[in-house]
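Values below: all heavy atoms of this structure, side chains included; hydrogens, waters and symmetry mates excluded. Remember, it's a predicted structure, so these values are computed and weren't measured experimentally.
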Amino acid sequence: MRRWIGRIALVLLVVLLVALVAGTGFAVITVRSSFPQTSGEATVPGLSAPVEVRRDEWGIPNITADTAEDLFRAQGYVSAQDRFWEMDFRRHVTSGRLSELFGDSQLGTDRFIRTMGWRRVAEQELELLDEETMGYLEAYADGVNAYLADRSGSSLSLEYAVLGLQVSGYEPEPWTPADSVAWLKAMAWNLAGGLSEEVQRVVWSLYLSEEQLADVDPPYPFDRAPVIVTDLTDATAARAGASTASAARTDAWAAANSLSGLAAMSERVRGMLGGGAAGSGIGSNSFAISGALTASGLPILANDPHLAPSMPGIWTQVGLHCRTVNDACPFDVSGFSFSGFPGVVLGHNQRIAWGFTNLAADVQDIYLEDVQGNQVRVGSRMEDLDVRTETIQVAGGDPVTIRIRSTSHGPLLSDADDWYRWVGGVAPMPSEDVTTTSPDVALQWTALQPGLTAQAVFLIDRSQDFDDFREAARRFDGPSQNMLYADVDGHIGYQAPGLIPIRRTGDGKWPVPGWDAAYGWDGFVPFEDMPWMFDPEDGYIVTANNAVVTEDYPVFLTDDWTLGDRASRIVDLIAGAADPFTVDSAAALAFDQHSPVVDVLAPALERLTLEGTAAQAMDLLDGWDGQQSADSAAAAFLNAVWSHVAANTYNDELFHADFLADG
């Protein structure tokens, strides 16, 4: 009997091992089936001549072709090889179709994005693009679809094998140019300024006094923090009369709420109050150093967009090279783009380099709307809302039909999210002529107006000098960025692009009455009046989400700058350098980890009398260089203290029971 039991156990063990090996093999095959082809040849329909794709040791593709169309067709094919699941997911995000993949848990997200209409705007933008840009987008889409033609399920990406457990029979639809352009709306949303700041002011004003609000976020310290465009003669000071409406902006709305001195609630303060900014984008940095300050005599440009980390990362790296660079095939460019979008967004070509940081311009305004049924009050009369219905397909459930309503200012966010309906109900009224106690909330946002940003990307990619670069920036409607420039002829420059609204009244800091004609937008700031700079005398340009211009600049961009600490640090390191910069020393500067907290908090701690463990921790600061490396015990100690100081300073006023209950 024992002999038979042993034999059975042995057989079971063998079966188990075989199953384990088979399962492991199946898992390996499933995972690897979607890996990109990195050698040999692939047939891609539509190519007019052979295209070479070379991947370096990090897997980054460099694509070489004879024509621009072949170049972007191959980029589409390679993008799908590397990241098609991400591309497919992103187009479901921007179309408000996540429920098709993940069920009714995503209905709220879909409703909100469809209310804003990102996909609708992207489709309208295609009608504005020139024939050349459309050709590039279509070639890219053709390349993506060539990859999709012979693949499905896990051979496209492992995620589809997992998705199949929830959504049976799902097959990705063909890629289109609108899928590419729509992602620009997501980036504009991520980088826009105005909406969240207005909402924050409304909520915090319920619990904090005017004095407390001003203490939480003081105005930009122009007396000690750097401004990007310092030479206004090089920019647009001579055109001070060109933007009269913008220059005449008033604080009427703020005054009506007795909060005229309130400064913006910045990302920095939000991060402190939330217990730190770990896991989110904490600020972008860039600098350009002219050849006068470098060992080579040529300029150096460094850029860290510093968007929030994600998996996979939001950027994808690529090189796009015409075998012969000419008018018919003008691209020889390397850098970073978004999966699903052709071309290079940040990088360099054979003559120029460029980088972006977020300008955080105030391009979103909230309007309190007096809505009755499907009509909205405009002055003393009622006008019909724009009303449409859309149907959301839901995985594992029945389709859901939603109603989307818009005023002349924009979509009613309060229809899509009860949070905004609550905000409308508690926002102070800036007008005595009020007939509703619970107004709806509409959003006016520059990115909901069709623009030419997609065209601007291709124009930047082939720019040869600063004039070309500025002409491309003219079409970069959003998101507004600090665009930094350097070229092989030794020049450096800066341009602020984007649609910036000219407000009739106020400065966009508070919700305004949609029924009052005194409020609203009168077009956008002319591009000629946007700040720019070329070859400044100091020999460098620094952007780190700090103030772009001084308070007397005739164009209002925003007041929601960060406080300039990162920019100050970069300026100090450049201006104080003893030796000419090399690429290595500039890279060391870019990776500097010094925090302004060190300069403020460490001296304060040293004035305290501490005992026990606290005194031992203070010893960590002796001889510390202030660099906050991951293995620095001193940095860990100082940041722990800082987080408690911030919490003890703000939480008693901000996070009491009433505040938390209201949201």
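The two residues L156 and P172 make their nearest non-hydrogen contact at CD1-CG, 3.8 Å. Across all their heavy atoms, L459 and A472 have their closest contact at CB-CB, 3.5 Å. Here the shortest heavy-atom pairing between A146 and V44 reads CB-CG1, 3.9 Å. Among all heavy-atom pairs drawn from G508 and D365, the shortest one is CA-OD1, 3.5 Å. The heavy-atom pair separating D415 from R111 by the smallest distance is O-CD, 4.2 Å. Of all heavy-atom pairs spanning A442 and G410, the tightest one is CB-O, 3.8 Å.
In summary, the side chains of D461 and Y136 do not present any donor paired with an acceptor at a separation below 3.5 Å, with no hydrogens or angles considered. Side-chain contact of S79 with S339: a donor-acceptor pair under 3.5 Å is absent, judged by distance alone.
Between the CG atom in N145 and the CD atom in E173 there is a gap of 10.0 Å [rounded to 0.5 Å]. Interatomic distance, NZ of K185 versus CG of N190, reported as 14.5 Å (0.5 Å rounding). For the atom pair CG (L71) and CG (L47), the distance works out to 10.5 Å, reported to the nearest 0.5 Å. Rounding to the nearest 0.5 Å places CG of D468 at 9.5 Å from CZ of R351. Separating the CD atom in Q495 from the CZ atom in F476 is a distance of 11.5 Å, to the nearest 0.5 Å. Atom CD1 in I63 sits 11.5 Å away from atom SG in C322 (nearest 0.5 Å).
Between the Q75 side chain and the G343 main chain, a donor and an acceptor come within less than 3.5 Å of each other. Panel note: side chain T357, backbone A544; no donor-acceptor pair is recorded below 3.5 Å. No donor-acceptor distance shorter than 3.5 angstrom exists from the side chain of D440 to the backbone of L412, with no hydrogens or angles considered. The closest donor-acceptor contact from the side chain of D110 to the backbone of R97 lies under 3.5 Å. Although no hydrogens or angles enter the test, the distance criterion places a donor-acceptor pair under 3.5 Å between the side chain of S414 and the main chain of V441. The main-chain N or O of L499 is never found under 3.5 Å from a side-chain atom of D477 such that the two would form a donor-acceptor pair. Within the 3.5 Å criterion, the main-chain N or O of P36 finds no donor-acceptor partner in the side chain of Q81. D418 contributes no side-chain N or O that, together with a main-chain N or O of R421, makes up a donor-acceptor pair within less than 3.5 Å. With hydrogens and angles disregarded, a donor-acceptor distance shorter than 3.5 Å links the side chain of R475 to the backbone of E471. Of the possible polar contacts, none joining the D104 side chain to the L107 backbone as a donor-acceptor pair under 3.5 Å is found.
Within the 4.5 Å cutoff, the side chain of V144 has heavy atoms near those of the F84 side chain. Contact annotation: the side chain of S334 approaches that of H348 to within less than 4.5 Å [non-hydrogen atoms, C-beta and beyond]. Residues I404 and E390 meet the side-chain proximity criterion, which asks for heavy atoms closer than 4.5 Å. The shortest distance between side-chain heavy atoms of P305 and F336 does not fall below 4.5 Å. The closest side-chain heavy-atom distance from R405 to T115 is not below 4.5 Å. Under the 4.5 Å side-chain criterion, counting only non-hydrogen atoms from C-beta, N303 is not in contact with L484. Here the side chains of V345 and F356 are in contact, with some heavy-atom distance below 4.5 Å. Considering only heavy atoms from C-beta on, L101 stays 4.5 Å or farther from V167 through its side chain.
The environment of CG in D398 is sparse: at most 12 heavy-atom neighbours from other residues, nucleotides or ligands sit within 6.0 Å.
With sequence neighbours excluded, the residues forming a side chain to side chain donor-acceptor pair (under 3.5 Å) with T401 are T391, listed by chain and number. Residues satisfying the salt bridge (charged side-chain N to carboxylate O under 4.0 Å, His left out) test with E132, not counting sequence neighbours, are R462. Under the side chain to side chain donor-acceptor pair (under 3.5 Å) criterion, S463 pairs with no residue, sequence neighbours left out.
Listed by first then second residue, pairs satisfying side chain to side chain donor-acceptor pair (under 3.5 Å) with a partner in residues 443-452 read Y367-Q444, not counting sequence neighbours. Sorted by first and then second residue, the ring-ring contact (aromatic ring centres under 6.0 Å, His included) pairs with a member in residues 88-111 form an empty list; sequence neighbours excluded. Annotation: salt bridge (Lys or Arg N to Asp or Glu O under 4.0 Å) contacts involving residues 66-80, sequence neighbours excluded, comprise D66-R323, D70-R73, R73-D142.
Aromatic ring orientation, F524 versus W521: perpendicular (interplanar angle above 60°, classes split at 30° and 60°). Using a 30° and 60° split on the angle between ring planes, W183 and F338 fall in the perpendicular class, above 60°. Between F458 and F72, the ring planes lie perpendicular to each other; the angle is over 60°, past the 30° to 60° tilted range.
A centroid separation of less than 6.0 Å is found between the aromatic rings of Y147 and Y77.
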Please determine whether side chain to side chain donor-acceptor pair (under 3.5 Å) holds for the pair S406 and D386, giving the CA-CA distance in whole Å, both sets of side-chain angles, and the decisive distance to 0.1 Å. CA-CA 5 Å; S406 300; D386 178 75; 4.5 Å; no
Go through the steps for V363 and I500 under the test side-chain contact (heavy atoms from CB on, under 4.5 Å), then give the verdict. CA-CA 6 Å; V363 294; I500 307 295; 4.2 Å; yes
Stepwise side-chain contact (heavy atoms from CB on, under 4.5 Å) check, I113 with W189: CA-CA 10 Å; I113 290 177; W189 175 259; over 6 Å; no
Would L452 and L129 count as a side-chain contact (heavy atoms from CB on, under 4.5 Å) if you check the C-alpha gap in whole Å, the side-chain angles of each, and the deciding distance to 0.1 Å? CA-CA 7 Å; L452 298 173; L129 297 175; 4.1 Å; yes
Show your working on salt bridge (charged side-chain N to carboxylate O under 4.0 Å, His left out) between R55 and D82 and close with a plain yes or no. CA-CA 12 Å; R55 292 181 181 268; D82 289 352; 3.0 Å; yes
Could you walk me through whether N545 and S284 pass the side chain to side chain donor-acceptor pair (under 3.5 Å) check? CA-CA 7 Å; N545 314 124; S284 45; 3.0 Å; yes
After noting the C-alpha distance and the side-chain angles of L443 and Y420, does the key distance pass the side-chain contact (heavy atoms from CB on, under 4.5 Å) rule? CA-CA 10 Å; L443 172 66; Y420 288 99; over 6 Å; no
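Among the candidates F287, W354, F469, Y494, the single residue satisfying the ring-ring contact (aromatic ring centres under 6.0 Å, His included) test with Y485 is F469.
E123 and R120 are not joined by a salt bridge, as no carboxylate oxygen comes within less than 4.0 angstrom of a charged side-chain nitrogen. R566 has no carboxylate O lying under 4.0 Å from a charged side-chain N of D304, or vice versa, which leaves the two without a salt bridge.
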